[in-house]
Amino acid sequence: MKKTILLTTLLSFIIANSVVAHAKETNQIATFIKIWGFLKYHHPTVAKGKIDWDKEFTNGVNEVKISRSKEAINLYYTTWINGLGKLEKCKACRIKDVSEDKFNVNMNWLKDSTSLSPELIDKLMNIQANRNQNRNYYVNQVEGVGNTEFKNEKAYPDSIYPSKELRLLTLARYWKIVEYFYPYRYKTNQNWDAVLVEMIPKFESAADTTDYHLTILELTAKVNDSHAKFSTRNTNEYFGFKWVPFSFKIIGDKAVVTGFYNDSLCRKNDIRIGDTFMKIDGLPIATIVKKNSKYVGASNESVKLRDMYNILFNGNSETVETEFDRNGVVGKKNIDRVAYDKLNYKWNSSNIKDTVKILEGNVGYINLGNLQRNQVASTLAKVKNTNAIIFDIRNYPNQTMYLLADFLNVDRKAFVKTSIPNINHPGTFNFSKDLYCGQKNANYYSGKVVLLCNETTQSHAEFTMMALQTAPNVRIVGSQTSGADGNTSLITLPGGFKTWITGIGIYYPDGKETQRIGIVPDVKVTPTISGIRLAKDEVLEMAIQTINKT
C-alpha cells in the first residue's frame, strides 16, 4: 500500500512539474511572438524589409525554448535587437496614450518587469518612441479607403503541413496582424493575449495536415468576424465533399428545408419545403452545431447558424441518415448527397426573382440583390408615385446605394464614419470624418420606406442599409444582420493559404457600433417553421403590416 501511495505521489509530482514546465515554455514562446511581431512593424531596419524576418522567427523560436533562465532569454533579446543597428531620432513619433481607449491595443507588456530586464524594456521603449514611419515593407493601405494590405508575406506554397517552426510562424503572423490592424480586436469574445497562449500548444502539436488546417480555422474563427473565412481541401474533406440537394435554415435546434438546389434529386428523395430535420446520422442538430461551432467564424450567433450550411448535412458517403418531421409526422430516411458541382448552387439568389413590382395598396417592392446600377433610374420611375417602397436587402446589393439615397433624401446626410489602422503607430486607429449620402432634392421620395434584412445582410449590404436609413420616413423590418461591415483585408498564410478580416471599422456618425451587433431592426421578425411550410414570406408580410399601421 505504501509503495502504491509513493508511486502515485511521485507520478503526480512528475505530471505537475511537466505541466508547469510546459506552461513556462508556452509563455516564453508567447513573449517571443510579441517581441518578434513588435520589431517586425516598429523597428525601421525590419519594417523596411532588410532582413528575412520569417527566418529570424524560425531560428529564434527554438532559442527561447531552450533558454531556461530569465537572464539567458533577455540576453538573447538584447543581443538580437543590438544586431539590428542604431535608431535615428523620430520627431513625429508621439506615443498615443491608449490606456482608456478600447479601440487601440494596450502596449503595457513592453514594461513587464516580471519577464523583461530593465535593459530590454529600455530598448523596446526606445524602439516604440523612434519607430518606423511611412513606407512599411509588411503592411500598406488601400488608397482612398485605408484598409490594410499585406502583400510581401512569404506564401511557402509547398508547405501545406510545414515544420513546427513554420506552424508557429503561421500563428505569429496572423495573431500579430490582428493585434495591430484588426479594428474590432476589442470586440472578440476571448482576450487576444489569451488566444495566443491557448493556440501555441495546438499549433505545436498539430498531428497532420488536416489537424493543422483545422487549427488555423479555429484561430481565424476567434476574431468573431463574419468576414474571417478559411478553407482548404483538407478542411472541406473533413466536413465532407458531398452535399444534400436543398437549402435549409436552423430554427430552434431544427434544420428546416427552405429551397431546392437540385430539383430532380429532391423529388427522388421526396424532400419538401418545410421538412424539419431533428437528427443527422443519429446526432441531434444542436450536438452537431456545438461540436463544430469553434470552426465557424461569425460576428454573431445568427451568422454562425447560417454558416453551418457546409457542415451540418455534409459528408463523404453517398447518403446521410436523417430523422425528420413533416407536418407533425416523424420519420426516418436516407438522403442522397452529391458533389458540389452538381448542386446548382447560385450565390446571392433568392426565392424572390422580381427586381421590382407593385404590391397591393400601391406599395413598391425592389430587390437590391437583383437591381443593377444601370437599372436604377427606370426602376425608381416605376415606384416614384407609390405610397411606400420596400427595399429587400436580404441579399448582396450591387453598388446602388448612393443613387437610391439621392432619390430618398431631401438633402445630404451623414451616415457613417470609419476607423482606420495607423501603420505609423501600429495598434492605434484614427477616425475619419463623416461620410455623406444623398443630395439636395426638392422632389425627394416622400412616401414610407421599409428596409428588409436578416443574417444574410452582410458587409456592403449593411453599409447600404446605413445609407438608406437616412431617409426621412424609414423603418427596418427583419432580424439581426451579419455584423461584419467594412472593406476586407487579405492575409496570406504559410502553405499559400488565404483568409480575410474586416479591414476598417464602421460606425454611425454618433459612434454607435455595427460590428457583431449588425443593423438593428425596428420591427423584429424571423421566419417560422409553419410559415415556411405555407410558403409565406413572413418578413415581407410584416413589412406590409408595418406600412399599413403607420
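In terms of the salt bridge (charged side-chain N to carboxylate O under 4.0 Å, His left out) criterion, E165 has no residue partners (sequence neighbours excluded). For K333, the side-chain contact (heavy atoms from CB on, under 4.5 Å) partners are D270, I271, T322, F324, R326, I335, not counting sequence neighbours. Applying the ring-ring contact (aromatic ring centres under 6.0 Å, His included) rule to Y212 yields no partners; only residues at least two apart in sequence or on another chain are considered. Partners of V356 by side-chain contact (heavy atoms from CB on, under 4.5 Å), not counting sequence neighbours, listed by chain and number: I366, T379, K382, V383. Partners of K229 according to the salt bridge (charged side-chain N to carboxylate O under 4.0 Å, His left out) rule, which considers only residues two or more places apart in sequence or in another chain, are D307. For Y508, there are no ring-ring contact (aromatic ring centres under 6.0 Å, His included) partners, not counting sequence neighbours. Remark: Y238 pairs with no residue by the ring-ring contact (aromatic ring centres under 6.0 Å, His included) rule, at least two apart or across chains. Applying the side-chain hydrogen bond (donor to acceptor under 3.5 Å, both in side chains) test to Y156 and every residue at least two apart in sequence or in another chain returns D54. Scored by the side-chain hydrogen bond (donor to acceptor under 3.5 Å, both in side chains) test, S489 finds T148 as partners (sequence neighbours excluded). Applying the ring-ring contact (aromatic ring centres under 6.0 Å, His included) rule to Y445 yields the partners F407; only residues at least two apart in sequence or on another chain are considered.
No side-chain donor-acceptor contact under 3.5 Å links R167 to the backbone of Y161. Side-chain atoms of E462 come within 3.5 Å of backbone N or O of G483 as a donor-acceptor pair. Under a 3.5 Å cut-off, the side chain of N262 and the backbone N or O of L343 do not form any donor-acceptor pair. Without hydrogens or angle criteria, N387 side chain to G361 main chain gives a donor-acceptor distance under 3.5 Å.
Side-chain contact between L468 and I393 is present, with at least one heavy-atom pair separated by less than 4.5 Å. With contacts defined as side-chain heavy-atom distances shorter than 4.5 Å, the pair T188/V195 does not qualify. Contact annotation: the side chain of D193 approaches that of W175 to within less than 4.5 Å [non-hydrogen atoms, C-beta and beyond]. Between L368 and T464, some side-chain heavy-atom pair lies under the 4.5 Å cut-off.
Within the cation-pi definition used here (under 6.0 Å to the ring centroid, within 45° of the axis), K40 qualifies as a partner of Y138.
The CG atom of D392 sits 3.5 Å away from the OH atom of Y365 when rounded to the nearest 0.5 Å. Rounding to the nearest 0.5 Å places OH of Y184 at 12.0 Å from CZ of R516. Note that the OH atom of Y137 and the CG atom of N152 stand 4.0 Å from one another [nearest 0.5 Å]. For the atom pair CG of D336 and NZ of K268, the computed distance is 4.0 Å after rounding to the nearest 0.5 Å. Rounding to the nearest 0.5 Å places CZ of R475 at 11.5 Å from CD of Q469. Remark: H213 NE2 to N236 CG distance equals 11.0 Å, nearest 0.5 Å.
In this model, a donor atom of one side chain and an acceptor atom of the other lie less than 3.5 Å apart for T492 and K498. Between S302 and N300, the side chains place a donor N or O and an acceptor N or O closer than 3.5 Å (distance only, hydrogens not considered). For T210 and E237, the side-chain atoms include no donor-acceptor pair closer than 3.5 Å.
Of all non-hydrogen atoms in I476 and M465, the two that sit nearest each other are CG2-CE, 3.6 Å. Closest heavy-atom contact between L166 and S159: CD1-OG, 4.0 Å. Here the closest heavy-atom approach between residue T526 and residue S479 is recorded as CG2-CB, 3.4 Å. Residues I285 and K254 come closest through the heavy atom pair CG1-CA, 4.3 Å.
Ion pairing of K332 with E321 is absent here, as no side-chain N (NZ or NE/NH1/NH2) approaches a carboxylate O to less than 4.0 Å. Salt bridge absent: K536 and E538 never bring a charged side-chain N and a carboxylate O closer than 4.0 Å. Salt-bridge check for R533 with D325: passed, with a basic side-chain N closer than 4.0 Å to an acidic carboxylate O.
Classified by interplanar angle (parallel below 30°, tilted 30° to 60°, perpendicular above 60°), the ring pair W192/Y174 is tilted.
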Intermediate values then yes/no, side chain to side chain contact (heavy atoms under 4.5 Å, CB included), F239 and L217: CA-CA 12 Å; F239 297 118; L217 183 57; 3.9 Å; yes
Intermediate values then yes/no, ring-ring contact (aromatic ring centres under 6.0 Å, His included), F277 and F246: CA-CA 12 Å; F277 294 91; F246 53 83; 5.6 Å; yes
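Heavy atoms from other residues, nucleotides or ligands lying under 6.0 Å from NZ of K384 number 12 at most. The number of heavy-atom neighbours closer than 6.0 Å to NZ of K346, taken from other residues, nucleotides and ligands shown, is 12 or below.
Residue pairs meeting the side-chain hydrogen bond (donor to acceptor under 3.5 Å, both in side chains) criterion with at least one member in residues 395-404, sequence neighbours excluded, are N367-N395. Within the structure, side-chain hydrogen bond (donor to acceptor under 3.5 Å, both in side chains) pairs that include any residue of residues 217-227 comprise Q190-K222, E198-K222, K202-E218, D225-T502, D225-Q515, S226-S299, S226-S482, H227-S459, H227-T502 (at least two apart or interchain).
With respect to F415, the ring pair (Phe, Tyr, Trp, His ring centres under 6.0 Å) criterion is satisfied by exactly one of F463, Y507, Y436: F463.
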